[in-house]
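Numbering of residues begins at 1 and proceeds along the displayed sequence. As the structure is a prediction and not an experimental result, all values here were calculated from the model.
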Amino acid sequence: EALFNPFAGHDAGQVAIAADLLARLTETEENARFLCQHARGDGLLERCVSLAAMPTLPAETRSDVLMVLKNCMAVAEGKAMLCKDSTCLRRVLEAPPEKQTGEMATLLRHAWLGLVLNAVVSTQGSILEAHEGNHLEDSVIELCDTQTDPQGSAEGLLLLRHLYERRKTPMQPTEATRLVKLLVWAIGESDKHESWREWKGERARSPAEAVSHALHLLAAIGHQFPVRKALFHIDDEESEQLAPETAQHVNAMVNMLVVAVQKHGTTDPYAWRALSLTAEVKYVRRLMRNHACVKGLFRTLLASLAIQDRTLTEQLVSLLKQIFTGATDQFLSTDPTMFENLGKADGLKKLLSSLLTSWKDNPDIVHRGNIVAFLADAMFFSSFTDTWQVHNQASDLISILFDALLWKGVEGTAGLALGNFVSANGHIDLILDHDRAAHSISNVGWFLKRTSPGWDTKMQIYYLWRVLRSRKGCKLLCKHPHSDLIIAGLLTGVPYATTEDNEVLSLLECFLANEETRPSVLR
């Protein structure tokens, strides 16, 4: 009652004293709730919003009223009052403080960033719906003073993460450059700043939080080309050759990200997603396969897989898929290195066991597709197939690939994986003796009948070529109830055979040379 009149008046000194007292009084949730439930509470908070939106208000007074609003947002009653109308706090969002130096300016930055963060999270982003352009993001980036205020920068990174997770418009190159500069500071340099220790208390941020927020932010924006270009200085994501200085920069960025994930994000799905998104750049994933720090990363990855957290495993598998995509273009150097980095036979056995467990526990089609894609590429390498062929769950591995033969979008990848699984040393019996082998061959026949020739049909033919050209395979075919269907499917692919892709001709030739299968072809 005593504070209401001076706070609502125009005497700057009395307003400042009232704001300071209110900020102190509402530091506890009990007092903040009492203020919100008081008969004068609505009027006091409305006055706080008006003052908080005034850029000309002295920094100390403005930071105090911002703290009052932030404190009241921490209780349900205050949140209901301040968020009932999205335009209420939007005035504050549209009036960021100017970037200035000094203790009061720093406190004002922290208070404004903290309130805006609470408002965005509490309203689930609805407060941003009528916000024009990207001015709020620009303002937050501008307020992140990495040289003098790492605390505010860490708070800004957390706010930016929430803003960009909800943003639908694409990022512009200039904006991406400024944002990446902030990310690189947080991930690679923030822990070197001396002023972290000057801040204490529950509101204090730490270098580890800055890194975590930066990785989360990168996970939200890392799919955009302007961000990747700003981060790696690469104009063409499919480029395999870079200028020496650019290659050196990419190497430093990869090392920075890998070290950050190992140090701060081993169990954080967002950290692994950030790394996975960067690996979509061809040169980056090529570098990762033989990078000095990747051995430690893979050991960390295997340990994180063992946790068996669904969301975490999805991102770990996604990273594996990216790193192994197109790995055969570095075949000679990659095979022994990757085998060594993943812990040789023991590591690969643990990896396959974790993947099979995840397949069983997580029916998500995208995740399972990533598992199949990783297996298909990994099994180009004999060291991997040699290990998995003698795994005690080899039959389960074949079963999941049989399942994938029927899944739209994964049919060809599953055929490639099955073909690669027996290509290295001819363990064809692992598939032919499987209790679902005949059924899988029928599925391929039906797929070839109803699908126009293309990459997917070629890969399923590759699977048949690997397993049916043997004497045992021919015998299975001649006894198969759908042998005519399978032969008819193969014949549809004859006009599309080439010098490089002639498995269909090779397989038909094999059937014609075998007395038992020849009648099926001639029919």
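Side chains of Val227 and Leu179 form no contact here, defined as non-hydrogen atoms less than 4.5 Å apart. Within the 4.5 Å cutoff, the side chain of Ser354 has no heavy atoms near those of the Gln308 side chain. For the pair Thr300/Val261, no side-chain contact is recorded, criterion being any heavy-atom separation below 4.5 Å from C-beta on. Side-chain atoms of Trp388 and Lys349, non-hydrogen and from C-beta on, never get closer than 4.5 Å to each other. In this structure, Thr278 and Met288 have side chains that are in contact, with non-hydrogen atoms separated by less than 4.5 Å. Side-chain contact check for Leu287 versus Phe232: every heavy-atom pair is 4.5 Å or farther apart.
Side chains of His216 and Arg161: a donor-acceptor N/O pair is present below 3.5 angstrom, by distance only. Counting only N and O atoms by type, the side chains of Asp149 and His110 include a donor and acceptor under 3.5 Å apart. Remark: the Asn31 side chain and the Thr28 side chain contain an N/O donor-acceptor pair separated by less than 3.5 Å. Under the 3.5 Å distance criterion, with hydrogens and angles disregarded, no donor-acceptor pair is assigned to the side chains of His291 and Asn255.
With respect to Ile323, the side chain to side chain contact (heavy atoms under 4.5 Å, CB included) criterion is satisfied by exactly one of Thr325, Leu319, Leu320: Leu319. Residue Leu182 forms a side chain to side chain contact (heavy atoms under 4.5 Å, CB included) with just one option from Leu217, Ile187, Leu160, and that option is Leu160.
Crowding of Tyr270 atom OH: a count of heavy atoms from other residues, nucleotides or ligands under 6.0 Å not exceeding 12. The local environment of CD in Glu237 is crowded, with over 12 non-hydrogen atoms from other residues, nucleotides or ligands closer than 6.0 Å. Open room surrounds CZ on Phe34; 12 or fewer heavy atoms of other groups in view lie less than 6.0 Å from it. Atom CZ of Arg166 has more than 12 neighbouring heavy atoms from other residues, nucleotides or ligands inside a 6.0 Å radius. By the neighbour-count criterion of 12 heavy atoms within 6.0 Å, atom CD of Glu165 is densely surrounded, having more than that number from other residues, nucleotides or ligands. Glu60 CD: 12 or fewer foreign heavy atoms inside a 6.0 Å radius. Counting heavy atoms of neighbouring residues, nucleotides and ligands inside a 6.0 Å radius, atom CD of Glu30 does not exceed 12 of them.
Between Ala95 and Pro55, the shortest heavy-atom contact is CB-CG, 4.2 Å. The minimum heavy-atom distance linking Ser383 with Leu348 is given by the pair O-CD1, 4.0 Å. Considering every non-hydrogen atom in both Asn341 and Arg299, the closest pair reads O-NE, 3.3 Å. Considering all non-hydrogen atoms of both residues, Pro96 and Ser139 come closest at CG-OG, 3.5 Å. Residues Ser122 and Lys79 share a closest heavy-atom pair of OG-CE, 3.7 Å. The two residues Leu231 and Met253 make their nearest non-hydrogen contact at O-CG, 3.4 Å.
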Quiz prompt | Stepwise side-chain contact (heavy atoms from CB on, under 4.5 Å) check, His162 with Val121 | solution = CA-CA 7 Å; His162 286 284; Val121 174; 3.8 Å; yes
Practice problem: Verify side-chain contact (heavy atoms from CB on, under 4.5 Å) between Ile400 and Asp396, making sure each step is shown before the conclusion. | Solution: CA-CA 6 Å; Ile400 69 172; Asp396 296 332; 5.7 Å; no
Practice problem: For salt bridge (charged side-chain N to carboxylate O under 4.0 Å, His left out), just list the numbers for Arg91 and Glu46, CA-CA rounded to whole Å, side-chain angles, deciding distance to a tenth of an Å, and then say yes or no. | Solution: CA-CA 11 Å; Arg91 289 177 289 165; Glu46 176 60 33; 3.2 Å; yes
Quiz item: Can you check side-chain contact (heavy atoms from CB on, under 4.5 Å) on Val184 and Val180, steps first, answer last?
Solution: CA-CA 6 Å; Val184 171; Val180 164; 4.0 Å; yes
Quiz item: Going through the distances and angles, do Leu397 and Leu401 end up as a side-chain contact (heavy atoms from CB on, under 4.5 Å)?
Solution: CA-CA 7 Å; Leu397 169 58; Leu401 296 177; 4.3 Å; yes
Tell me which donor-acceptor pairs under 3.5 Å the side chains of residues 363-374 have, and how far apart each pair is, sequence neighbours excluded?
from   : atom 1 : to     : atom 2 : distance (Å)
Asp364 : OD2    : Val366 : N      : 3.2
Asp364 : OD2    : His367 : N      : 2.9
His367 : NE2    : Ser358 : OG     : 2.6
Arg368 : NE     : Trp359 : O      : 3.2
Arg368 : NE     : Asn362 : O      : 3.2
Arg368 : NH2    : Trp359 : O      : 2.6
Asn370 : OD1    : Lys321 : NZ     : 3.4

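Between Arg310 and Asp361 no salt bridge is recorded (no basic side-chain N to carboxylate O distance below 4.0 Å). A salt bridge links Glu142 to Arg178: at least one charged side-chain nitrogen sits closer than 4.0 Å to a carboxylate oxygen. Between Lys282 and Glu240 there is a salt bridge, since at least one side-chain N of the basic residue sits less than 4.0 Å from a carboxylate O of the acidic one. Between Glu175 and Arg167 there is a salt bridge, since at least one side-chain N of the basic residue sits less than 4.0 Å from a carboxylate O of the acidic one. Using a 4.0 Å cut-off between charged side-chain N and carboxylate O, Glu155 and Arg109 make no salt bridge. The residues Asp346 and Lys350 are annotated as not salt-bridged, no charged nitrogen and carboxylate oxygen being separated by less than 4.0 angstrom.
For the atom pair CZ of Arg62 and OG1 of Thr56, the computed distance is 8.5 Å after rounding to the nearest 0.5 Å. Here the SG-CD distance, from Cys72 to Glu29, works out to 11.0 Å after rounding to the nearest 0.5 Å. Here the CE-OG distance, from Met104 to Ser63, works out to 6.0 Å after rounding to the nearest 0.5 Å. In this structure, NE2 in His213 is found 12.5 Å from CG in Leu183, a value given to the nearest 0.5 Å. Considering CD of Gln14 and CG of Leu3, their distance stands at 10.5 Å, rounded to 0.5 Å. Taking SG of Cys48 as the start and CG of Leu69 as the end, the distance is 5.0 Å to the nearest 0.5 Å.
Applying the salt bridge (charged side-chain N to carboxylate O under 4.0 Å, His left out) criterion to Glu340, with sequence neighbours excluded, gives Lys295, Lys344.
Remark: the backbone N or O of Glu245 is not paired with any side-chain donor or acceptor of His233 at under 3.5 angstrom. Formation of a donor-acceptor pair under 3.5 Å by the Thr246 side chain with backbone atoms of Leu242 is not found in this model. Under a 3.5 Å cut-off, the side chain of Thr313 and the backbone N or O of Asp309 do form a donor-acceptor pair. Using modelled atom types, no side-chain atom of Gln315 and backbone atom of Ser276 make a donor-acceptor pair closer than 3.5 Å. No side-chain donor-acceptor contact under 3.5 Å links Ser239 to the backbone of Asp235. In this structure a side-chain-to-backbone donor-acceptor pair under 3.5 Å is missing from Thr61 to Leu57. Put simply, the side chain of Ser304 gets close to the backbone of Thr266: a donor and an acceptor are under 3.5 Å apart. In this structure, the side chain of Arg47 engages the main chain of Phe7 through a donor-acceptor pair within 3.5 Å.
In this structure, Phe384 and Phe381 have tilted ring planes: the angle between them lies in the 30° to 60° band.
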